[in-house]
Amino acid sequence: MISYNPSKIEKKWQKYWAEKNIFASEVDKKQKKFYVLEMFPYPSGDIHMGHVRNYTLGDLVARYKRANGYNVLHPMGWDSFGLPAENAAIENNVDPKYWTEKNIKNMKNQLKKMGLSYDWKREISTCDADYYKHEQKIFIDFYKNGLAYQKETIVNWDPVEETVLANEQVIDGKGWRSDAIVEKKRMKGWFLKITEFAEDLLKDINNLKNWPEKVKLMQKNWIGKSFGAHIDFHIKEINDKITVFSTRPDTLFGASFIAISPQHRLVEKLKNDYPEIEKALTKLEFKNTNEQNLDRIEKIGILTPLKASHPFEKNKLISIFIANFVLIDYGTGAVFGCPAHDQRDFDFAKKYNLEIIEVVSKEKNKRIRNNLTCAYAEDGYLINSGFLNGLTVNEAKEVSIKKLEELNLGSRSINYRLKDWGVSRQRYWGCPIPIIYCKACGIQTVPEKDLPVKLPEKVDLQKSGNPLSKQSDWINVKCPKCSGNAKRETDTFDTFFESSWYFARFTDPQHNDAINKKNADYWLPVDQYIGGIEHAVLHLLYSRFFIKAMNKLKLINLNEPFTSLQTQGMICHQTYKNSNNEWQFPKDIIKENDKFFSIKDKSKVYPGRIEKMSKSKKNVIDPTTIIDKFGSDTARFFILSDSPPQRDMEWTDEGVEGASRFLKKVWQLINADNYVNIPYQKIRHSDQSDFNILLCTYKTIKYVTQAIDNFHFNLAIANIRILFNELNMYKVRTKNNRIIKKYCISNFLILLNPICPHMCEESWEILGNQQSISFSPWPKVDLEYFNENQVILPIQINGKRRSEVKISKSLNKKEIEKLVLNHQAITKFLVQPPKKIIYVPNKIINIVI
RNA sequence: GCGAGCGUGGCGGAAUAGGUAGACGCACUGGACUUAAAAUCCAGUGACCAUAUUGGUCGUGGGGGUUCAAGUCCCCCCGCUCGUACCA
C-alpha cells in the first residue's frame, strides 16, 4: 500500500483547483448565493496561526455551502496600507511598496499551500492605485454631501507614531499600536460624519440576529446613547453662559457647583483674565495627560471667581470649577454637580467643602438624613425641590425639562458618546486625501479626471514628521478652479478607510466605478463574516457606517454589510524560559522524561503559563513548518478539532500528531480494499451489521450538518471520528457488504471534504470517481433508518438510573410498566409497591417508591 | 467600579426542549509485535467502597430551593476570563 504523502497530493490538488478554476464564481441569478468572507490580512511578511484558524473556518463554510448547492463567493485580498511598511522602510531602507509587494507574494504562497477555496481572480490590494482611486472618489462624494468635513479639534496625538489617532484607537490612554501615552493636541483634520448615523447604527444592531451578543453590546456601549437635557447656566458678570448636559435634570435643586473641562471654551478667557488660573491649570493638565493610566486620578478642581445663576432659583449663585475629571469630548464639556446623588460629585464636594443638598428620598415625604456617607443614586421621590417635590425621579425629569423649555434655559436632548471619525493621518503609506488648498479659492476637491492622486515614489522616510509634507514636487499643484498655485493635502487616510468597503469591491474588483451595483445587489450582504474579536468596534462599526453612508448617496443598495458574524478565539501555546529568564521558542526545545531542554546546548528550560501566541513571548509555531511536516489537511483538521471556534484554543504537538494519525488511518481505510469497480449505490441492509453502519452514516450526516450549521466544528469532527471508528470495525464478507461500505465511505469523505479537501479529493479519485469531490452534493439522511422499532429505555428508581431494558416502541404504558416492574434488576428495590410511575414515552421511566 | 461570559475527569471538550453526565480526542496504564525502542494494534481509564459483578456511595466551583427527575430552572456566595472605565 502506498503510504500517505500529504505534500505530494496537496500540490496535485492545489494545481488541479487552480487550473480548472473550480472556485471561480460569477453572478447567476438562477442560483442562490452565499458570500463567505474572512477578514483580509495586513501583509506583514508571514502568515501566523491566527490566520490559519481564521481562513480554515471560512474555507470550511465555503466548501460546505458549495456542496449544499449555493453559488459561493469566497474572495481574498490584502489590507496593504499601514505603518509597518514605513517602519520597515526606515529600518532596512527599503521602499514600502516593494516591501509590501514582496510580503504579499510570500503570504499568498503560504495561503495557497493551505488549499483554500478562494476565487483568486478577485484578489485586491488596497495600496494599489486601482483600488484607492475609488476610495478617493467616495471621499469626494462624502465631502460634497456633507458627510466629510475639516475642522480643528483637540486630537489624540501619538508621539511615537507622530500621527493622530481616532478615539477607537486609543486604548487605556495609549496608542493601540505604539503603546505610547496619547497626548491631546489641537490640530486641523478631516472627519467623517459617523454621528449622523449614530441613531441608525444603534437601532439596526437589533437586526443583526446572527452577531455575537458581546459584539453588539460593545457597539451599543461605544455609541453610548443617553437621554437628558441641555441646561444653560447664565453668568451675569461676563454676560455669557455655560451649557451642560445632564441625564438628571430632576436633581437640579441639588446643584452645588458647576465643573468645566480644562479644554472648555471659557477656560481660554479665564486664563487671560486671571493669571493665577493659568498657573494652576498647567499643573492640572500635567496630571491629566500623564497619570491618566493610573487607576483613578485624584479629582482636582480650580475654583474660578465666576458664579452662575441657578435656572430655577433666581437668587442662587453657583461656583464654577475647572475640573480634571470633566471630559471635553463628552456632552458639552461641562457638568453641574449634585453631590447628594452622584458619587463623583459627592467626593468632589467633600474635598472642597461644598454644600450637599439631598433632593431625592427613597421613601415619599421622608425627611432628610443629613449625614450622607455616600451619594444616593437610586430611584425615589423628590424633596427640597420646589415645584418638583413629591414627584418620582422620572416624573421630575419630565417636569423639570418642560420648565427649562418654558424658561428658555434648556431643552430635552439626547447625547451620544460616539464622535465623528477623524481620518487624517500624518503618514506616507496610506491613501492620499484628494484635496487641494488654494489661497484664492479655498478648499478644492481633486477633479475626477485627475484621480487617482497617486502617492509619490522614492520618498525620504528617515526624517520625522509627515513625509509627504516634504515632497515639494508633489505638493505643489495648480488649483483646479483658478489654475493658480495651490498645494495638496499632505495627510493620508486612516487605514480603516480601506477596510470599510473592500467587501463590496470584491463583488466586482475590476469595475470602473467603486461599486458595480448589479453585482453588489446579487452578492451582498456578506452572509458569513469571520474574524477576530479585536475588531468588534473599530472595523465593524466603520464598515456599517460606510454602507449606510454609501447607501444614502445611492452608491450602493444596502443597509447592513454583514448578516452573520463569527469571532474566533486566540491560539495559545505553552511558554518557556531559560534559567536567565529569557523566553524560548518551542521549536528550540526538546522534552525528555517530562523535563525540557534547549536543543542547542542541552541547558534546562522551564515551562510557563499557556498564553496567547505572541512574538514577544516567543511561544509561536510557524504554520509553514507545520504544513511542510504534516500537510495542510492535518493542520486544518487539528485547528478545528479541539475547541469551538469562538473559544481560545491551545496548540499542542500531541494534538497535531493525533490529527495526523487520524488522517493516516483514513488513508489506510481507503487503500485497504479496491473499490474502483464497486458501484456507488444505496442498497438495503440485509443484517444487523449492515443496518448499524448505515444508521451510523445517516446519524453522522445529521449531526455533522447540524454542527456545521451551528458553527460547532469540533462536534462535526467528533462525529466524523465516530463514523470512522464504525467503518473500521465493519466486516466485509459479501459483495453487498462492499457496496454498502463504499457507499458509507463515500459519504464519510464528502463530510470530511470541507475540513481536509486534499486528502478527500485524492481518496475520491482512488475510489474510482472521475469528477472532483468538490462537485459532490452534501449527502442526505434516509429517515427510514431513524424509525427503529426498538429502543433502550433507562429505568430509574427515585430518579437514579438502576438498569435499562430494550423495549418495542409499539408497547403501551401499561405493558411497559409491567415489563419494567418485573425486570430482574428492579424487583429487588420494590420492597413496597411504587407510589408513582413516570413514563416519558421511549425516553425514560422513573419509579418512585 | 460597571457590563458580559465562564466554572464538568489529569487535559481539550460533549450532553436538542429538565430525562442514562463525561460523547470524541489528548495524556496515562497494561498487553501484543520487536533483540530493544519508536511506530502500530488490542484493552482499560471520574473518585471512593466492595463480596472486585451484571454491586454500591459520591460526583458538573460552594450553599440552599423547585421537580418524580437538575450540569441544565430559581436564590445566595466564591473564583477566573474578557470588555469598559471619571460618559455627567
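Letters A, B, ... are given to chains in the order of the sequence lines, protein chains preceding strands, and every chain is numbered from 1.
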Please work out whether the ring planes of [X] and [Y] are parallel, tilted or perpendicular, with thresholds of 30° and 60°.
X        : Y        : value
A:Phe713 : A:Phe711 : tilted
A:Tyr785 : A:Tyr698 : tilted
A:Tyr376 : A:His341 : perpendicular

Quickly work out the [X] [atom1] to [N] [atom2] distance and round it to whole Å.
X        : N     : atom1 : atom2 : answer
A:Asp342 : B:C2  : CG    : P     : 15 Å
A:Met570 : B:G5  : CE    : P     : 19 Å
A:Lys800 : B:A70 : NZ    : P     : 10 Å
A:Ile223 : B:G3  : CD1   : P     : 20 Å

Is there a residue in residues 718-725 of chain A whose heavy atoms reach under 4.0 Å of RNA chain B, and which residues are they?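 Those residues are A:Ala718, A:Arg721, A:Ile722, A:Asn725.
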For RNA chain B, what string of dots and brackets results from 5' to 3' when Watson-Crick and G-U pairs need both distances under 3.5 Å, crossing pairs get [ ], and pairs with another strand get |? (((((((..(((......[....))).(((((.......))))).((((.....))))..(((((..]....))))))))))))....
Classify the side-chain pair A:Thr652/A:Glu650 by whether it contains a donor and acceptor separated by less than 3.5 Å.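 No, no side-chain donor-acceptor pair sits under 3.5 Å.
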Side chains of A:Asn619 and A:Thr575, donor plus acceptor under 3.5 Å: no
Syn or anti for B:G9, please, going by whether the chi angle lies within 90° of 0.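 It is syn.
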For A:Asp633, salt bridge (Lys or Arg N to Asp or Glu O under 4.0 Å) partners two or more places apart: none
Has A:Arg344 got a side-chain N or O lying under 4.0 Å from the OP1 or OP2 atom of B:C87?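 Yes, A:Arg344 has a side-chain N/O under 4.0 Å of OP1/OP2 on B:C87.
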Residue closer to the 5' end of RNA chain B, A:Gly333 versus A:Arg802 (nearest nucleotide): A:Arg802
For A:Ile847 and for A:Pro644, find the nucleotide of RNA chain B with the closest heavy atom, then tell me which residue's nucleotide is more 5'.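 Between the two, 5'-proximity favours A:Pro644.
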May I ask you to say what A:Ile838 touches in the nucleic acid, namely base, sugar-phosphate or nothing, with a heavy-atom cut-off under 4.0 Å?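 Base contact - A:Ile838 has a heavy atom under 4.0 Å of at least one base atom.
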Please report the distance separating the P of B:C75 from the corresponding atom of B:U81, rounded so that it comes out in whole Å.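 The answer is 25 Å between these two P atoms.
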